[in-house]
Engineer: 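Sharing a structure here in structure tokens format.
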Number of protein chains: 2
Amino acid sequence: MDAPNPYAATCPTRQLLDRIADKWTVLLLSLLNDGPIRFNQLRRLIEGISQKMLSQTLRKLERDGLVARKVIPTVPVTVEYSLTPLGETLTRTIDPLIHWAETHMSAVNDAQKLYDRTARG
Amino acid sequence: MDAPNPYAATCPTRQLLDRIADKWTVLLLSLLNDGPIRFNQLRRLIEGISQKMLSQTLRKLERDGLVARKVIPTVPVTVEYSLTPLGETLTRTIDPLIHWAETHMSAVNDAQKLYDRTARG
DNA sequence: CAGTATCCTTTATGATACTG
DNA sequence: CAGTATCATAAAGGATACTG
């Protein structure tokens, strides 16, 4: 009786997109793929991210079971973030996207320029 | 002299994410992957999308050179949308993501429940 | 170092009415 | 059918100050 289509509001695809379709999530996952890393290291690596968004995005990823947070009781405290096994499976599917961006974004930019010259005044 | 890291504000990955990280783009690409389709067909298939967002998202995809728009001069007019070859290459990299969602989102939902029971309350 | 809290601006999205 | 225009709201993101 349920709608069989994968585009229903509650389908897994929609759920996933609602979670990762933001400015920083995919970028973070991709960075964490290189191994465990500390909060301020991430902050320095990702140009332009605010402390608030880094913290918020990491907490969401932790809640989703995609990222593990490990507190090391140094003084001051050190916190290390890493992918969980589940997070690794997701990151592996995201990786080709990064590669696509590197090889095809220039074509997209060209298409935009063409569109703006023709379809517009 | 440029920052060599792929997380710089202007890197292709950031550009791509800024473009597709919204509520509907990936979903639309995935649907268009099944073949050419008309405006209102898309609208009916994607539960919850507004006319405005469908129109707006399609135009952006067209501008990016990812989707082709074909006007068929019937009365009233028919408009058919389809992936361009460039759009097809992107959609192929996105496809595994849909599959990941179908097989792993239940694990994510479980993780969320666990997190909410422990890290909270 | 690794955050939280608060305020504020921008962007994204939605509802509704209208058109060739 | 396939849109556009306008108004309104919600959600995302950023700046800044503060804390164990």
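The structure displayed is predicted, hence computed values, not measured ones. A, B, ... follow the sequence lines: proteins, then strands. Residue 1 opens every chain.
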Engineer: Under the 3.5 angstrom rule, does the side chain of B:E102 hit a backbone N or O of B:H99 as a donor-acceptor pair?
Structural biologist: no
Engineer: Once you round it to whole Å, what is the distance between C1' of D:dA2 and CD of B:Q41?
Structural biologist: 13 Å
Engineer: Which whole-number value in Å describes the distance from B:L45 CG to D:dA2 P?
Structural biologist: 13 Å
Engineer: Which of residues 11-29 of chain A sit near DNA chain D, with a heavy atom under 4.0 Å from it?
Structural biologist: A:D22, A:K23, A:W24
Engineer: Starting at CG of A:N40 and ending at P of C:dA2, how long is that distance when rounded to a whole Å?
Structural biologist: 5 Å
Engineer: Grab the stems for DNA chain D, please: at least three consecutive Watson-Crick or wobble pairs, both distances below 3.5 Å, written as range with range.
Structural biologist: C:1-20 with D:1-20
Engineer: Determine yes or no for a side-chain-to-main-chain donor-acceptor pair under 3.5 angstrom, with A:N40 supplying the side chain and A:R43 the backbone.
Structural biologist: no
Engineer: Hey, could you give me the NZ/OG1 distance between A:K113 and A:T118, rounded to the nearest 0.5 Å?
Structural biologist: 14.0 Å
Engineer: Which whole-number value in Å describes the distance from B:E47 CD to C:dG14 C1'?
Structural biologist: 16 Å
Engineer: Say whether B:N109 and A:Q15, considering side chains only, have a donor N or O and an acceptor N or O under 3.5 Å apart.
Structural biologist: yes
Engineer: Rounded to the nearest 0.5 Å, how far does CG of B:L86 lie from CH2 of A:W100?
Structural biologist: 5.0 Å
Engineer: Would you name the heavy atoms of A:L97 and B:I94 that are closest together and state the gap between them?
Structural biologist: CD1-CG1, 3.8 Å
Engineer: In whole Å, I'd like the distance from the CE atom of B:M53 to the P atom of D:dA10.
Structural biologist: 16 Å
Engineer: Could you check how far CD1 of A:I49 sits from P of D:dG13, rounded to whole Å?
Structural biologist: 9 Å
Engineer: I'd like a list of close polar pairs between nucleotides 4-7 of chain D and the protein, N/O only, cut-off under 3.5 Å.
Structural biologist:
residue, atom, partner, partner atom, Å
D:dT4, OP2, B:S55, OG, 2.6
D:dT4, OP2, B:R59, NH2, 3.2

Engineer: Taking B:T84 for the side chain and B:G65 for the main chain, is one N or O donor matched with an acceptor at less than 3.5 Å?
Structural biologist: yes
Engineer: Output the distance between atom CZ (B:R44) and atom CZ (B:F39), rounded to the nearest 0.5 Å.
Structural biologist: 11.0 Å
Engineer: For A:E62 and C:dA2, what is the distance between atoms CD and P respectively, to the nearest whole Å?
Structural biologist: 14 Å
Engineer: Using the side-chain contact (heavy atoms from CB on, under 4.5 Å) criterion, which residues pair with B:L17? Sequence neighbours excluded.
Structural biologist: A:V26, A:L27, B:T13
Engineer: Is it true that B:T10 and B:R14 share a donor-acceptor pair across their side chains at a distance under 3.5 Å?
Structural biologist: no
Engineer: Is B:R63 salt-bridged to A:D116, cutoff N-O under 4.0 Å?
Structural biologist: yes
Engineer: Sequence neighbours excluded, which residues qualify as salt bridge (Lys or Arg N to Asp or Glu O under 4.0 Å) partners of B:R19?
Structural biologist: B:D64
Engineer: Scan residues 69-84 of chain A against DNA chain C and write down, sorted by residue number, each residue with any heavy atom closer than 4.0 Å; if none is found, say none.
Structural biologist: A:R69, A:P76, A:V77, A:T78, A:V79, A:Y81
Engineer: So, OP1 or OP2 of C:dA2: does either fall under 4.0 Å of a side-chain N or O from A:R43?
Structural biologist: no
Engineer: Indicate whether the side chain of A:N33 and that of A:S30 have a donor and an acceptor atom separated by less than 3.5 Å.
Structural biologist: no
